[in-house]
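One structure follows; several queries about it will come next.
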Amino acid sequence: MTEVRIGAATVSRIEESYEPNFDAATFFADWHPDIVETHRDWMVSDHFDPASGFLKLSVHSWLISIGGRTILIDACVGNHKPRPARPKWHQMQTRYLERMAEAGVQPEQIDMVMCTHLHMDHVGWNTRLDNGRWVPTFPNARYVFSQADYDHYLALDRDPEKGPVNHGSFRDSVLPVVDAGLAQMVSGAHTVDEHLSIEPAPGHTPGTVAINLASRGERAVFCGDILHHAVQVFHPEWNSFACADAANARKSRRRVLEDCAGSGALLMPAHFGAPFVCHIDERGSRFTPRFA
């Protein structure tokens, strides 16, 4: 288990899966084979599997403990979720909750769940299956969702020609939380408390946000899918197939990289391979990851 300290905060990585899971050339339209040789020293085998040509992406949550509170950032895919179009994520059976327990936390102890956006691999553990019903996994938590993402996907989901959206995850992993009265919608820049704040970072989805953690002069930025893979640090112009608004996705990615490079904030991605976090160094207009 990866554990880092940010001032007084302890941040633990709760793994759901970590495997080669997306064809690189399909995931990135700009991918070319030479990129592997250019970056082989760090890319193979923690971030790319040469045998399959697949990116090796982690799916994990970040668990923050600070000031007597426990906050979960992003909620992975979830168990028992029907995702037939994504075979690796279909009807998963993982030790996610057991790994959380190994980190010393039970679902009832989570005070807040924050989703960087509402795609299926960031909301899944918001709910669990209980006697055929999807119920909130973290019954004592306040779930913080982007109003822009919620409104966008709600409208699509209600359209008979487009719903259910996000492979059904909006219905089984978001709406049950709203129906239970546990959701808090936020718009624009938002201060959660003295340690946590939210900045809009649209592009990957309309309501994608970056979550900032600050404590005792140290900072971290939880970037969700603003960056999927460490190669995007070198190539912030690269979008994934899942980025809805290409121009804004690039703007938000560069803004996060500039922020981390300028402030020294630790970048805490949702899908980077080992060692899962990095600092960002800037040389002219170029960025490089400095793995922690």
- So CZ of F145 and SG of C115: to nearest 0.5 Å the spacing works out to 5.0 Å

- Query: Do we see a donor-acceptor contact under 3.5 Å between the side chains of D225 and H228?
  - Reply: yes

- Note on the structure: dist F170:CZ -> D149:CG (nearest 0.5 Å) comes out at 9.0 Å

- Treating Ile, Leu, Val, Met, Phe, Trp and Tyr as nodes and any side-chain heavy-atom pair under 4.5 angstrom as an edge, say whether F276 and I71 lie in one connected cluster. yes

- Message: Applying side chain to side chain donor-acceptor pair (under 3.5 Å), can you list everything that pairs with S45, at least two apart in sequence or on another chain?
- Response: none

- Query: Between T26 and D23, is any side-chain donor less than 3.5 angstrom from a side-chain acceptor?
  - Reply: yes

- Item | Joint hydrophobic cluster, V4 plus M114, side-chain heavy atoms closer than 4.5 Å | yes

- Report the C-alpha distance between R40 and E37 in whole Å, list the side-chain angles of each, state the deciding distance to 0.1 Å, and finish with yes or no for salt bridge (Lys or Arg N to Asp or Glu O under 4.0 Å). CA-CA 5 Å; R40 178 174 288 273; E37 291 308 314; 2.7 Å; yes

- Query: Atom CD1 in I66, atom OG1 in T10: separation rounded to 0.5 Å?
  - Reply: 8.5 Å

- Taking the side chain from D245 and the backbone from G203, do they hold a donor-acceptor pair closer than 3.5 Å? no

- Taking the six-membered ring where the residue is Trp, are the ring centres of W31 and F48 under 6.0 Å apart? yes

- Message: Minimum heavy-atom separation for Y153 and P206, please, with both atom names.
- Response: OH-CD, 4.5 Å

- Message: Which residue is it: R254, Q232, R250? I am looking for the one with a side-chain contact (heavy atoms from CB on, under 4.5 Å) to E237.
- Response: R250

- Looking only at atom types and distance, does a side-chain atom of D111 sit under 3.5 Å from a main-chain N or O of T70, one as donor and one as acceptor? yes

- With the 4.5 Å side-chain cut-off for hydrophobic clustering, are I6 and W62 part of the same group? yes

- Would you tell me whether N126 and S173 have side-chain atoms, one donor and one acceptor, within less than 3.5 Å of each other? no

- Query: Under 6.0 Å from the six-membered ring centre of W134 and within 45° of its axis: does the NZ or CZ of K81 meet both?
  - Reply: yes

- Message: Please enumerate all residues that pass side chain to side chain donor-acceptor pair (under 3.5 Å) together with Y143, with sequence neighbours excluded.
- Response: none

- Task: Supply the atom-to-atom distance I73 CD1 to S61 OG, rounded to the nearest 0.5 angstrom.
- Result: 9.5 Å

- Item | Atom CZ of R158 with >12 non-hydrogen neighbours under 6.0 angstrom | no

- Side-chain touch H279/L266, heavy atoms, less than 4.5 angstrom: yes

- Item | Minimum heavy-atom distance A103-I14, with the two atoms named | CB-CD1, 3.9 Å

- Item | Any side-chain heavy-atom pair of V231 and L55 under 4.5 Å | no

- Donor on one side chain, acceptor on other, S17 and Y96, under 3.5 Å: no

- Message: Is the distance between the ring centroids of H229 and H271 under 6.0 Å?
- Response: no

- Correct closest heavy-atom pair for A141 and M112 would be CB-N, 4.0 Å

- Compute the ring centroids of H119 and H167, then answer whether they are less than 6.0 Å apart. no

- Going by atom types alone, do N239 and R253 pair a side-chain donor with an acceptor below 3.5 Å? yes

- Query: Just checking, any donor-acceptor pair under 3.5 angstrom between side chains of N212 and R219?
  - Reply: yes

- Query: Does the side chain of V221 come within less than 4.5 Å of M268's, by heavy atoms?
  - Reply: no

- Exceeds 12 heavy-atom contacts within 6.0 angstrom, atom CG of D41: yes

- Could you please spell out the steps behind the salt bridge (Lys or Arg N to Asp or Glu O under 4.0 Å) verdict for R290 and D281? CA-CA 7 Å; R290 177 162 39 92; D281 293 328; 3.0 Å; yes

- Ring centres of H47 and H39 under 6.0 Å apart? no

- With side chains defined as the heavy atoms from C-beta onward, is the minimum distance between S240 and H204 less than 4.5 Å? yes

- Going hydrophobic residue to hydrophobic residue with side-chain gaps under 4.5 angstrom, can you get from V123 over to V209? no

- Message: Determine whether a donor-acceptor pair (N or O, by modelled atom type, separation under 3.5 Å) exists between the side chain of R5 and the backbone of A9.
- Response: yes

- Residues N21 and L57: closest non-hydrogen pair is ND2-O, 3.2 Å

- Results of side chain to side chain donor-acceptor pair (under 3.5 Å) for Q184 - residues two or more places apart only: R142

- Task: For residues F27 and W238, establish whether the separation of their ring centroids is below 6.0 Å.
- Result: no

- Between CD1 of I211 and CD1 of I198, what distance do you get to the nearest 0.5 Å? 5.5 Å

- Message: With heavy-atom distances below 4.5 Å as the criterion, would you say the side chains of V135 and L129 are in contact?
- Response: no

- Query: Donor-acceptor pair, N166 side chain versus M120 backbone, under 3.5 Å?
  - Reply: no

- Item | Side-chain heavy-atom pair R69, Q109 within 4.5 angstrom cut-off | no

- Task: Report yes or no: does T127 contribute a side-chain atom to a donor-acceptor pair with the main-chain N or O of D172 at less than 3.5 Å?
- Result: yes

- Pair Y18 and F272, ring centroids less than 6.0 Å apart: no

- Query: Is a donor on one side and an acceptor on the other found under 3.5 Å between the side chain of R99 and the backbone of E15?
  - Reply: yes

- Under 3.5 Å: donor-acceptor pair, side chain of T191, backbone of D193: no

- Query: Between the side chains of Q93 and H80, is a donor N or O closer than 3.5 angstrom to an acceptor N or O?
  - Reply: yes

- Note on the structure: Value for NE2 (H195) from OG (S215), rounded to nearest 0.5 Å, stands at 5.5 Å

- The single option from E19, R13, E16 passing side-chain hydrogen bond (donor to acceptor under 3.5 Å, both in side chains) against S58: R13

- Item | Side-chain touch H122/T116, heavy atoms, less than 4.5 angstrom | yes

- Indicate if V105 and L97 have the same hydrophobic cluster label, given that clusters are the connected sets of ILVMFWY residues with side-chain heavy-atom separations under 4.5 angstrom. yes

- Message: Counting C-beta onward and ignoring hydrogens, is there a side-chain heavy-atom pair between L118 and H152 closer than 4.5 Å?
- Response: no

